[in-house]
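Keep in mind the model is a prediction, meaning the values are calculated, not measured. Order of the sequence lines sets the chain letters (A, B, ...), proteins ahead of strands, with each chain counted from 1.
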There are 2 protein chains.
Amino acid sequence: MSSAHSTPPALLDLSTYLLSRIGKAARGRLADRLAQRGLRLWDMAVLAALSDFGPHAQRDLVVRLGVDPSDMAKVVDQLATGGYVERARDPEDRRRVSVSLAPAGRDLLAELDAEARAVQDELLAPLDPEERARLQGLLLRVHQGLG
Amino acid sequence: MSSAHSTPPALLDLSTYLLSRIGKAARGRLADRLAQRGLRLWDMAVLAALSDFGPHAQRDLVVRLGVDPSDMAKVVDQLATGGYVERARDPEDRRRVSVSLAPAGRDLLAELDAEARAVQDELLAPLDPEERARLQGLLLRVHQGLG
DNA sequence: TCCTATAGTGGGTGCGCACCTACTATTCTT
DNA sequence: AAGAATAGTAGGTGCGCACCCACTATAGGA
């Protein structure tokens, strides 16, 4: 992949390029670890949303995470098959499926979070803790601006 | 896409996630601009390499940029068709094709660089110039560590 | 009640990217 | 001169991702 060797300075001077490259490495490494468990990035995002905000109608997960409804159906189905989330028809509107985090899902999320932090340690190895915190703060603000 | 709205804090707390997300946005926006000219990211990388380091044997471009030789052939072919680079058989080793930047390629690279900086302005809008410089410095060091 | 809108689902499409194989032309080795 | 190695090329494959369409079930409004 990105053969460390002598990347053109014209590219290294562009934050756009660095973000693209580093982001790809981050995504790739995390995806690899999730793949070993038969999971993809969206699985983790769904678990995190359920953990942070409680049960969601499937439709609300779609809105929150910005995924196609059809794709979300597949993700939730897989998570339910694995016993990580529970699906239940909403009695007040039987079109809706309420999705909630199962205990196994909470455990899984903790493990995935640890995987993500391991990737982080690899990736941010050149930075000391203070610098990592500064980077995190800057990235957070950039992310907020993404709209 | 990443619907700014209420991303799970468990994810926002992970630099891995932020890098992945922001990197994807950076890549996507730049790729869109290049696509309007019928170009892809590798085209820009090749132009930058030629500009920064002078003519390359095609094989050396492959090594420097870490691309598959077969894919590089296609990129160079497209750039040559557009008049942005020139191909010449190396007389000392007629297997080799020496690739060099044509004047039109230098102009194009300048425009693409401007496009990249425009994306940068969009993306890093929440940061002031000093913060952008700090981010750039941190990213550069992280990139160096990618190996 | 009829008509429209909404929630979820199954199946399929197109694109970009990385990768691989087979092949030709040329050079190097012995 | 023969065989192995190298540079480049044409074409094809598999994967992940985003997206779209058709369909069922349910609910809400006129």
Side-chain angles (χ1 to χ4, degrees), chain A residues 1-3 20-21 23-36 38-46 55-81 85-99, chain B residues 1-3 20-21 23-36 38-46 55-81 85-99:
Chain A
M1 309 301 144
S2 96
S3 73
S20 157
R21 269 300 180 172
K24 187 173 185 176
R27 164 171 301 253
R29 295 187 191 199
L30 182 53
D32 284 349
R33 285 169 181 257
L34 298 190
Q36 288 186 329
L39 300 172
R40 274 160 291 140
L41 291 161
W42 285 123
D43 296 308
M44 181 169 181
V46 168
H56 284 62
Q58 195 163 307
R59 188 204 127 66
D60 294 332
L61 284 172
V62 162
V63 171
R64 180 184 302 284
L65 299 175
V67 197
D68 185 271
S70 166
D71 295 327
M72 178 59 77
K74 290 151 196 160
V75 171
V76 169
D77 185 58
Q78 190 192 359
L79 288 173
T81 302
V85 304
E86 279 159 12
R87 277 181 294 199
R89 284 272 161 203
D90 178 343
E92 295 184 6
D93 183 342
R94 301 183 21 76
R95 290 172 301 183
R96 290 205 182 99
V97 170
S98 171
V99 184
Chain B
M1 309 298 147
S2 97
S3 72
S20 157
R21 269 300 181 173
K24 188 172 184 176
R27 165 169 299 253
R29 294 187 191 199
L30 183 52
D32 284 350
R33 286 169 181 256
L34 298 190
Q36 288 186 330
L39 300 172
R40 274 159 292 140
L41 292 161
W42 285 122
D43 296 307
M44 180 169 180
V46 168
H56 285 61
Q58 195 162 307
R59 186 203 129 66
D60 295 333
L61 285 173
V62 162
V63 172
R64 180 183 301 285
L65 299 175
V67 197
D68 185 271
S70 165
D71 295 327
M72 179 58 77
K74 290 151 196 159
V75 170
V76 169
D77 185 60
Q78 188 192 0
L79 287 172
T81 302
V85 304
E86 279 160 11
R87 278 182 294 198
R89 284 272 161 204
D90 179 341
E92 297 185 5
D93 183 342
R94 300 181 22 75
R95 291 170 301 182
R96 292 204 180 98
V97 170
S98 170
V99 184

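- Taking 4.0 angstrom as the limit, B/Trp42 places none of its side-chain polar atoms (N or O) nearer than this to OP1 or OP2 of C/dG16.
- In this structure, A/Met72 places its CE atom 15 Å from C1' of D/dC19, rounding to the nearest Å.
- Contacts between residues 87-94 of chain B and DNA chain C, defined by a heavy-atom separation under 4.0 Å, are made by B/Asp93, B/Arg94.
- The nearest whole Å value for the distance from the NE2 atom in A/His56 to the C1' atom in C/dA7 is 16 Å.
- Judged by distance alone with a 3.5 Å cut-off, a donor-acceptor contact links the side chain of A/Ser70 to the base of C/dG11.
- One atom, CD of B/Gln78, and another, C1' of C/dG16, lie 14 Å apart when rounded to the nearest Å.
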B/Lys74/B/Ser70 under side-chain hydrogen bond (donor to acceptor under 3.5 Å, both in side chains): CA gap, chis, key distance, verdict: CA-CA 7 Å; B/Lys74 290 151 196 159; B/Ser70 165; 3.2 Å; yes
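- For the pair B/Arg59 and B/Asp68, nearest-nucleotide mapping onto DNA chain D gives the more 5' position to B/Arg59.
- Two residues are said to be in side-chain contact when any heavy atoms from C-beta on lie closer than 4.5 Å; A/Val46 and A/His56 fail this criterion.
- Proximity of B/Lys24 to the phosphate of D/dA18: a side-chain N or O atom is located under 4.0 Å from OP1 or OP2.
- Contact check for A/Leu61 versus A/Val99: side-chain heavy atoms found under the 4.5 Å cut-off.
- In this structure, the side chain to side chain contact (heavy atoms under 4.5 Å, CB included) partners of A/Arg89, at least two apart in sequence or on a different chain, are A/Arg94, A/Val97.
- When each of D/dA7, C/dG8, D/dC17 is scored by its nearest atom to the side-chain atoms of A/Leu41, the top-ranked nucleotide is D/dC17.
- One can place CZ of A/Arg96 at 17 Å from C1' of C/dT9, the figure rounded to the nearest angstrom.
- As rounded to whole Å, 13 Å separates atom C1' of D/dA18 from atom CG of B/Asp32.
- In terms of heavy-atom proximity, B/Ser98 sits nearest to B/Pro55 at OG-CB, 4.2 Å.
- Separating the CD atom of B/Gln58 from the P atom of D/dT6 is a distance of 17 Å, rounded to the nearest angstrom.
- Residue-level contact check: B/Asp71 touches the bases, meaning some heavy atom is under 4.0 Å from a base atom.
- In terms of polar N and O atoms assigned as donor or acceptor, the side chain of A/Lys74 comes within less than 3.5 Å of the base of C/dG11 in a complementary pairing.
- Proximity of B/Arg95 to the phosphate of C/dA25: no side-chain N or O atom is located under 4.0 Å from OP1 or OP2.
- Between the CG atom of B/Leu30 and the C1' atom of C/dG16 there is a distance of 15 Å, rounded to whole Å.
- A/Gln78 contributes no side-chain N or O that, together with a main-chain N or O of A/Asp43, makes up a donor-acceptor pair within less than 3.5 Å.
- Side-chain atoms of B/Arg27 lie closest to C/dC17 of the nucleotides C/dG11, C/dA5, C/dC17.
- Nearest-nucleotide assignment on DNA chain C puts the 5′-proximal partner with A/Ser98, out of A/Ser98 and B/Arg40.
- Side-chain contact of B/Arg87 with B/Gln58: a donor-acceptor pair under 3.5 Å is absent, judged by distance alone.
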